[in-house]
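Only this structure's heavy atoms are used, side chains among them; waters, hydrogens and symmetry mates stay out.
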Amino acid sequence: MRILVIEDNRDILLNVLDYLQLQGYVVDCAQDGLGGLHLAATQDYDLIVLDVMLPGIDGIQVCARLRQDAGRDTPIIMLTARDALDDRLQGLGAGADDYLVKPFALSELLARIQAVLRRTQGSRKRVLQLADLSFDLDTLQATRAGVALKLNPIGLKLLEILLRKSPAVVRRDTLEEALWGDERPDSDALRSHIHQLRQALDKPFGQPLLHTLHGVGYRLAERADGT
């Protein structure tokens with residue numbers, strides 16, 4: 001499972017990062033509101049741990065914009081040094097699922113994460129997103145800018161793999177193994193399927209999302225360099 005931690009206190013961030021990784025979670029980090037908002041809006045996470053007091057824009061704004069502007073229903077646990085009832089109500093009103101007051105024990109944070117995931121996983125839609133590209137893993141419906149993409153089963157599988165790894169590069173042999181296992185077809189097969197995916201995914205739209213790293217593999221990202 002992937003968790004995003006948005007926290008500007010470096011010591012707290014590193015402690016949470018190390019602890020959650022030891023528990024088997026894949027953890028991404030941001031230390032300011034705008035950077036965290038960008039990651040949360042463009043990547044697919046199972047849960048977000050979000051500090052209230054952040055540089056740039058605060059956690060309340062990040063939460064509200066994720067819910068209202070980006071349409072994200074990713075579960076959010078908010079962290080704050082303030083224990084006033086109004087502060088807690090403000091965070092929950094912005095769309096947070098739970099609220100944890102600093103200082104906190106890492107074991108309590110883990111318990112809160114597990115509880116929130118149990119409550120929300122059954123009801124959440126499993127959707128991978130990048131920019132204006134969306135892929136519903138339950139219905140296998142892919143859209144870009146609201147337009148349905150016509151993809152064959154291999155194209156859908158390629159899209160899922162690349163979206164899950166975005167913006168990282170996925171090597172050719174990794175894709176081939178995922179698609180065909182040990183019975184791989186000739187070397188042009190993957191290139192052909194990538195071409196078909198690009199035709200559906202990028203050709204009708206202004207901004208390319210599928211990028212080739214020659215001799216290495218492919219990535220889905222808003223920019224060719226993955227930033």
Worksheet item: Just by modelled atom types, is the I154 backbone N or O under 3.5 Å from a matching donor or acceptor in the H193 side chain?
Response: no
Fill in: Least distance between heavy atoms, F205 atom then A145 atom
CE2-CB, 4.1 Å
Discussion item. Just so I know, are the side chains of L133 and L159 near enough to count as touching, which here means a heavy-atom distance under 4.5 Å?
Written reply: yes
Worksheet entry | Expected output: side-chain Q196 to main-chain G155 donor-acceptor under 3.5 Å | no
Worksheet item: Thinking salt bridges, do D28 and R2 make one under a 4.0 Å N-O criterion?
Response: yes
Worksheet item: So, for A189 and P185, which heavy atoms are closest and what is the spacing to 0.1 Å?
Response: CB-CG, 3.5 Å
Worksheet item: Does G95 offer a backbone N or O that forms a donor-acceptor pair with the side chain of R67 under 3.5 Å?
Response: yes
Practice prompt. Salt-bridge test for E7 and K102: reply yes if a basic N is under 4.0 Å from a carboxylate O, no otherwise.
Written response: yes
Discussion item. So does L162 get a backbone contact from the side chain of S166, meaning a donor-acceptor N/O pair under 3.5 Å?
Written reply: no
Discussion item. For a 4.5 angstrom cut-off between non-hydrogen side-chain atoms, does F104 reach V16?
Written reply: yes
Worksheet item: Who pairs with D202 by salt bridge (charged side-chain N to carboxylate O under 4.0 Å, His left out), at least two apart in sequence or on another chain?
Response: R144
Fill in: Check: P167 and Q43 side chains under 4.5 Å, non-hydrogen atoms
yes
Discussion item. Please determine whether a side-chain nitrogen of the Lys or Arg among R72 and D44 lies less than 4.0 Å from a carboxylate oxygen of the Asp or Glu.
Written reply: yes
Practice prompt. Could you tell me whether the side chain of D97 and the main chain of I76 form a donor-acceptor pair under 3.5 Å?
Written response: yes
Worksheet entry | Residues that, via side-chain heavy atoms closer than 4.5 angstrom, fall in one hydrophobic cluster with V216 | V169, L213
Worksheet item: Should side-chain heavy atoms under 4.5 Å link Ile, Leu, Val, Met, Phe, Trp and Tyr, which residues sit in the same cluster as V26?
Response: none
Fill in: Heavy-atom donor-acceptor pair, R219 side chain to A224 backbone, under 3.5 Å
yes
Practice prompt. May I ask you to test the L163-E160 pair for a side-chain heavy-atom distance under 4.5 Å?
Written response: no
Worksheet item: Do R172 and D188 sit within salt-bridge range, that is, some charged N less than 4.0 Å from a carboxylate O?
Response: no
Worksheet item: Where do V52 and Y99 land on the side-chain contact (heavy atoms from CB on, under 4.5 Å) test, with the steps shown first?
Response: CA-CA 10 Å; V52 170; Y99 208 96; 4.2 Å; yes
Item to complete: Only one of L149, L158, N152 passes side chain to side chain contact (heavy atoms under 4.5 Å, CB included) with L197; say which it is.
Response: L158
Practice prompt. Taking D58 for its side chain and Q61 for its backbone only, find out whether a donor-acceptor pair lies under 3.5 Å.
Written response: yes
Discussion item. Please determine whether side-chain contact (heavy atoms from CB on, under 4.5 Å) holds for the pair Y25 and D46, giving the CA-CA distance in whole Å, both sets of side-chain angles, and the decisive distance to 0.1 Å.
Written reply: CA-CA 10 Å; Y25 293 100; D46 295 288; over 6 Å; no
Practice prompt. Please determine if D225 and R223 form a salt bridge, counting it only when a charged side-chain N lies under 4.0 Å from a carboxylate O.
Written response: yes
